[in-house]
Structure formats: structure tokens, C-alpha cells
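Just so it is clear, the model here is predicted, and its values are computed rather than measured. Numbers restart at 1 for each chain; the letters A, B, ... are given by sequence-line order, proteins then strands.
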Number of protein chains: 2
Amino acid sequence: MSTGGSQKRVNLQSVAEEAGVSRATASLVLRESPLVSAETRKRVIAAMHKLGYIYNRGAANLRRQRTGTIGVVLCNIGSPFYSKLLIGIDEVFVDAGIVALLVNSAENIERQMRQIWRLREHGVDGLIICPAVGSDETLLSEIEKTGLPYVQVLRHVSPTAGDYVGPDYAGGTDLAVSHLVRHGRRKIAFLGGNPVHSAACERLEGFQRALRRHCLESDLIVPTDLDNLSDFGSLESLMASASPPDAAICYNDMVALSLMGRLLSEGELPGRDFAVIGADNLPQAATSFPTLTTIVTDPVGVGRNAARLLLDRITEPRASSMRVLVSGQLMVRESCGGPLP
Amino acid sequence: MSTGGSQKRVNLQSVAEEAGVSRATASLVLRESPLVSAETRKRVIAAMHKLGYIYNRGAANLRRQRTGTIGVVLCNIGSPFYSKLLIGIDEVFVDAGIVALLVNSAENIERQMRQIWRLREHGVDGLIICPAVGSDETLLSEIEKTGLPYVQVLRHVSPTAGDYVGPDYAGGTDLAVSHLVRHGRRKIAFLGGNPVHSAACERLEGFQRALRRHCLESDLIVPTDLDNLSDFGSLESLMASASPPDAAICYNDMVALSLMGRLLSEGELPGRDFAVIGADNLPQAATSFPTLTTIVTDPVGVGRNAARLLLDRITEPRASSMRVLVSGQLMVRESCGGPLP
DNA sequence: CTGTTAGCGCTTTCAC
DNA sequence: GTGAAAGCGCTAACAG
């Protein structure tokens, strides 16, 4: 075949011929089997390079009945937090020779189902999924019906069913409350988003539990819109009330930074007049004015743990399900407890 | 259902048997061929549902010699900017029935090469790549050698070779300079990162060209470390010099927000005492104190365009290569030109 | 150690 | 309209 534009794809067959061995032997060389002599191996490898051979995983997968790919279903691939999660997942997968198929449910549960279906068609060996808002246990039973191993991350659809890896939201919020109390704050508000999924619920519960422990009332709970940061809902009226809050724990740093912006523009200095604590430790938290005290969660760690748990689950499908909580810390800066700017 | 762990995987064969037709006919039904009668189609579809059939794309791919997957090689999947890009890419791919295989070069050119190799093994039909720092034209020739269609995004390794889609960095910087000049600023600094890749270079060139057009000197170019925002390098000495800058254009909003934090902590009010312009329009830019004027690039648009261009390139491999610049705008807020807080 | 053989699940001529 | 047969490129028994 004279190589005009469409030369025949080089496959194991051609490599084997070039090296003067059989396809089977060449295949063994590929997978670094010790069964093949150094001499033969060398010849085969030389042939591979000479011909520019590229291993066809698709064909191998078809034969071996597994693909070395794993589906990752996130509900908001645009968020930095999720990207960090991906980094952790990717880290483990790279070591295990696995590629992630990333899909986005965009918080839409029909789309989530469609995407999972698509991943199945692609033959993924497992699933890491952050359930879209509105998912319930039928999600898990749908997945289980197909026999595909899976791990939930960041959110779960039930407090007990299925494997789950996530940050210790409640513990983090608890740290924040204790810190505020230690610094003399007594009227603590919670700008907590809406408890539409397990993560938000756990934060809220952590908040309420911590307040109870410190014998404080938890009546300053403000739902916030995470997409429209300029809207602090009923915070306005709280601030104007008879006993306004002197501190706030925010759903995340985005909310906290916005709140600080708002306070500044009203002439109040966060950290002195009003304590603010965020969550996530965005890069900006370290350089804002004032710098932001924040609950540090470890999304990369969550990703790593989820990936590892899934790999375990794939090799050990019958083991009983697990809940992994990755603990966080408090990064103390100027907005609460740190030296004032 | 007592599914005894290892029931035979249901394939097209079983569906065909169940429906009382041949494999070939069943296959036609799958792909919605008009060649099959409504009656038969109905029977086959019923059989598929009954058996819980899942299409095996791997097998189909092997046969058709294409996979319906595309490799996306990014150099920093953790950055929000890249996540936005992914959203645009994903949007187009979902419509085209394509799945993205996402890999991370982590700005490491060996890893980049390894990952590309891996993607090839998975049989991707094309590549969207943001070249890691240090990549040169050999990257393109390596890819071209394999005959795989590709599109560069956000950065390119040569001003002419290969397809490229990116924001109009130079144009954006130009907008910013004109805006500053319009507001009476004359000593404009550029906190521009290091020009280690095409994006940074284009921003810098845009800056210099714009200053020339306004007959200003462009001697206030400060390389900044994008990972360590608290370090503004020689900015310190600039500010202390005989003719200090009265404005700064920053590499991105992260740098700009840090700079504003710094200014505030030194008692200067950004927007009044010193104008600051960022780039990217992060959510925080709208809620910081003061709010941040910023060059709005459109990463989602870049992603969409890159994905579409790649799809074109796949169907039309011989067409000559293209450069697409996605234009941006200036979002005017308090830190320059907007009403003072 | 190496070769032979028989598929993995699907698509695609080409007959009928 | 539908079916029969021939692979896509690889791996896994099993022989030698």
C-alpha cells in the first residue's frame, strides 16, 4: 500500500509482522509481561516505534470488558470548588492509569440521568457523582440497577445509602462558631444559602448545634442567593433590628467577600465592627481588605478520597458502603480574630 | 430481581432474538434508519426496554473507526477561567453528541505529551489544547504527525501555525487604556505577569501599542507572580519613585483585587486616588469594595467557538487553518470611571 | 517462551 | 425491508 493520505492504520498485526512474531506475543510485550524474552521484546518495541504504533484501547476494552475510564458527574463544572475537586480525582486516576469522563448535570436532574446513561454507553467502569439539587434515592437505585460502582461526593441523597465522600461541613461551621464566641461575639448570623442539598443542610445543622452548645440563640439565619451576591435578603432588616448581629458566618467566601464590601461601603470595618467568616479559602481571601477569616475545606482531598474509594469499590463490589468526612480547619485572618489592618 | 452477579450482558444479539429479527435490523433501529418498518421498529424498541439494553459505543467505535469523543488538554483545570471555557465546549459537544475527555497538563510539557498520547490511545476524534508554558511548534508537528485534528485555545505556540481560538487580549487591554486616558490618567502601570505565553504577550503588546497611540510612555511594566498575589515585585519602588503611576491595568481580577486590598490598607481609595482595572470579571469584581472595573473576556464564548471550529475541522480536514479572536468589553465600576462609593 | 484460535459487540456491504 | 457474513484491533485460553 503506497502511503497516500489514507495509509492503513498500523495495528498489532503490522507490528508483529515487522518484528517477525505473532500478534499474541506482541500483545504480551505491550503489557510488559515477563513471559517474553528480552530479545524478542526489544525487536517488538523497535517495530512499534518504527511504525508509530498507537495502542487501541477501544479494541482492548471490548475484549477485556472494562475501559479504564470513570464517569464524573458534576452539577456545576464552572465553579472553582469543583475544579479543585477534579484535581484531586485526577491525581489518583493518573496514577491508576484511568481517564475521567467529565459531564455536567448543571443542577438539572433530567440532564443528570441522560448524562449517566451516556456514560454507561461509553462503558465507564464506575461513577463519581455530585447529585444535582432535587435528586433523591431513586438516583441511587437507578445506578445500582445497572450494577455500576459509584461514589457520591460533596452531597448525598440520603444520610445512609451508598458511598459518600465530602468535607466535614458541620465540623467546619462548628470551628467558626467557637472561634467567634472566643472573640466575644454573641449575636451570630448565618448567611447560609438555602438548605436545598445535604451540604447546605449540614452546615446549617452544624451552626445550630454549635450555638446550642454555647447556649446562644440561633435565630439569625438568613437564606442567601448564591448566584446574586448583592442580595442579602433579610439581612437588611436584621441589621436594623433591636439586637442586630455582631458577626456572620457565610455560606462561602464569595458571600463573605460581598458582605465585607457591603460593610465597608457603609463605613463599618469588618473584623472590628463586625466579624465575618467565610468558607473555601479562595485565593482572594488572603488578599482582600480586610483579609478574610475562613473555613478551609479541602476539595482536593475530597477528590482524592472519592477516587480512591471508588477504585476500592470497583475491586471489592460487595464491601459495605462507607461515609468519608474530610476534616477542615479555620484560617484566621483580619476579618475575625487576626490583627486588625 | 435476583440478578446473580454475572448474568450475560445484554447485547444487540439478545435484543434481536427477543424481537425476532436479525442483529443487522436491530442495529438499524438503533440509528433511527428509515429503512426499517414502523412495526418492526416498535418490536425492537420494546425488546430493548424489556431487556434493559445498553448501547455499547466501544464496540460501535471499533467498527466505525471513530469514537465520538474529543480530548481537552488544559494546563490548569483548577482555574475558574478554564472551567468557564469547559462550559462553552461542553455546550457544543452535548448538542453534537460528543463527550469530552478532560486531561490536565498542569503546565508541564512532558506530562502534556503523555496525556495527548493517552488520549490518542483512547481514540479521540480530535483535540482541544491549551499549550502548557514552554510548548513550541514541535507540539503541533507531533500532533499533526498523527493526523489528529486539533484546535489551540487561549494560547498558541506560533502566531500563524494551526487553528486557534482565544479572547482578543490586545483589544481588551486597549479598551482599558483608552478608558483610563479618558479619565485623565497618564501614568499607567501594567501588572502584567510574565510574558511566558502568547496570552500574556498579547496583553502586553496591546498595552504598549495603546500607550504609543496615546503618546504615553510605557515604562511602568511590572511582572507579577500570579500564584503569590501578595508579591507585587517592583511596584513598591515604582510607587515610591519621583513620578509614581496613578493607575494600573492588572493581568486579571485576582491581581487587581489584591492590589485594591493593598491600596486600602495603605489608606488610598481605589477609583479616587488610584485607578485599577482588572480582567476576567470574576463574580467578586461586582461586590468588592470598591467594585472593580474590569476587562470582560468571554471564556464560554471561546469554548463554544473552539468546539465548533474543531467539529468543522474534523469534517473538513483540508481546509486552511483559522484564527478566531473573541472580542471583549469593559465593565465599568467604581475602581475606575464608575461613581465613587 | 511463542503461536493458534476464538471471540468481545457492533456496523456494513451485499444478497434476497 | 430484512438477513448473512465479514471484519474493526485486541486479549485470553490453550497448545506446542
Side-chain angles (χ1 to χ4, degrees), chain A residues 1 6-45 47-48 51-69 97 118 120-125, chain B residues 6-45 47-48 51-69 97 118 120-125 146:
Chain A
M1 221 147 278
S6 70
Q7 73 263 47
K8 192 176 172 344
R9 188 165 163 57
V10 8
N11 57 14
L12 250 195
Q13 179 75 276
S14 17
V15 171
E17 277 164 15
E18 175 75 26
V21 298
S22 76
R23 249 165 50 234
T25 308
S27 173
L28 289 178
V29 173
L30 279 185
R31 279 164 304 127
E32 311 186 327
S33 157
L35 296 176
V36 59
S37 76
E39 165 57 25
T40 319
R41 185 200 323 291
K42 225 171 55 192
R43 276 216 320 284
V44 173
I45 291 183
M48 280 170 38
L51 269 45
Y53 171 69
I54 289 178
Y55 183 59
N56 183 330
R57 262 168 219 282
N61 293 339
L62 179 57
R63 182 59 231 242
R64 303 177 58 189
Q65 301 292 67
R66 40 172 306 249
T67 61
T69 60
R118 176 117 108 226
R120 289 238 61 205
E121 295 187 344
H122 276 275
V124 293
D125 298 331
Chain B
S6 71
Q7 77 264 43
K8 191 176 175 337
R9 187 169 165 58
V10 9
N11 57 13
L12 208 43
Q13 180 75 279
S14 20
V15 171
E17 277 163 14
E18 174 75 26
V21 298
S22 76
R23 243 161 62 233
T25 308
S27 173
L28 289 178
V29 173
L30 280 184
R31 279 165 306 124
E32 312 185 327
S33 157
L35 295 176
V36 58
S37 75
E39 165 58 23
T40 319
R41 182 197 327 291
K42 223 170 58 192
R43 274 214 323 282
V44 172
I45 291 183
M48 281 170 41
L51 270 45
Y53 171 69
I54 289 178
Y55 182 58
N56 184 329
R57 260 167 221 283
N61 294 340
L62 178 57
R63 181 59 229 245
R64 305 175 61 186
Q65 299 293 68
R66 39 172 306 247
T67 60
T69 61
R118 177 117 107 224
R120 289 238 61 205
E121 295 187 343
H122 276 276
V124 293
D125 298 330
T146 70

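Not one side-chain nitrogen or oxygen of B:Ser27 sits closer than 4.0 Å to the OP1 or OP2 atom of C:dT12. For A:Gln65, no side-chain nitrogen or oxygen approaches OP1 or OP2 of D:dT11 to under 4.0 Å. Here B:Thr25 reaches the OP1 or OP2 of D:dG3: one of its side-chain N or O atoms lies under 4.0 Å away. Proximity of A:Asn11 to the phosphate of D:dG9: a side-chain N or O atom is located under 4.0 Å from OP1 or OP2. Not one side-chain nitrogen or oxygen of A:Ser22 sits closer than 4.0 Å to the OP1 or OP2 atom of C:dT2.
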* Full working for side-chain contact (heavy atoms from CB on, under 4.5 Å) between B:Asn11 and B:Asn56 -> CA-CA 8 Å; B:Asn11 57 13; B:Asn56 184 329; over 6 Å; no
* Pair B:Leu51-B:Glu18, side-chain contact (heavy atoms from CB on, under 4.5 Å): steps then yes or no -> CA-CA 9 Å; B:Leu51 270 45; B:Glu18 174 75 26; 3.8 Å; yes
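Comparing A:Leu35 and A:Arg23 along DNA chain C, the residue whose closest nucleotide (by nearest heavy atom) sits nearer the 5' end is A:Leu35. The residue among B:Gly20 and B:Arg64 whose nearest nucleotide of DNA chain D is located toward the 5' end is B:Gly20. Taking the nucleotide of DNA chain D with the nearest heavy atom to each of B:Thr40 and A:Leu12, the more 5' of the two is matched to B:Thr40.
Counting all heavy atoms, side chain and backbone alike, B:Met48 lies closest to B:Leu30 at SD-CD2, 3.9 Å.
For the pair A:Arg66 CZ and C:dG9 P, the computed distance is 16 Å after rounding to whole Å. Rounded to an integer number of Å, the gap from B:Arg57 CZ to D:dC8 C1' is 17 Å. Residue A:Gln13 contributes atom CD, which lies 13 Å from atom P of C:dT5 at whole-angstrom precision. Nucleotide D:dC10 holds its P atom 12 Å from the CG atom of A:Leu62, rounded to whole Å.
In this structure a side-chain-to-backbone donor-acceptor pair under 3.5 Å is present from A:Arg43 to A:Ala19.
Looking at A:Arg31, its side chain has no donor and acceptor atom pair within 3.5 Å of the base of D:dT11.
Within the nucleic acid shown, B:Ala60 comes within 4.0 Å of sugar-phosphate atoms alone, with no base atom in reach, counting heavy atoms only.
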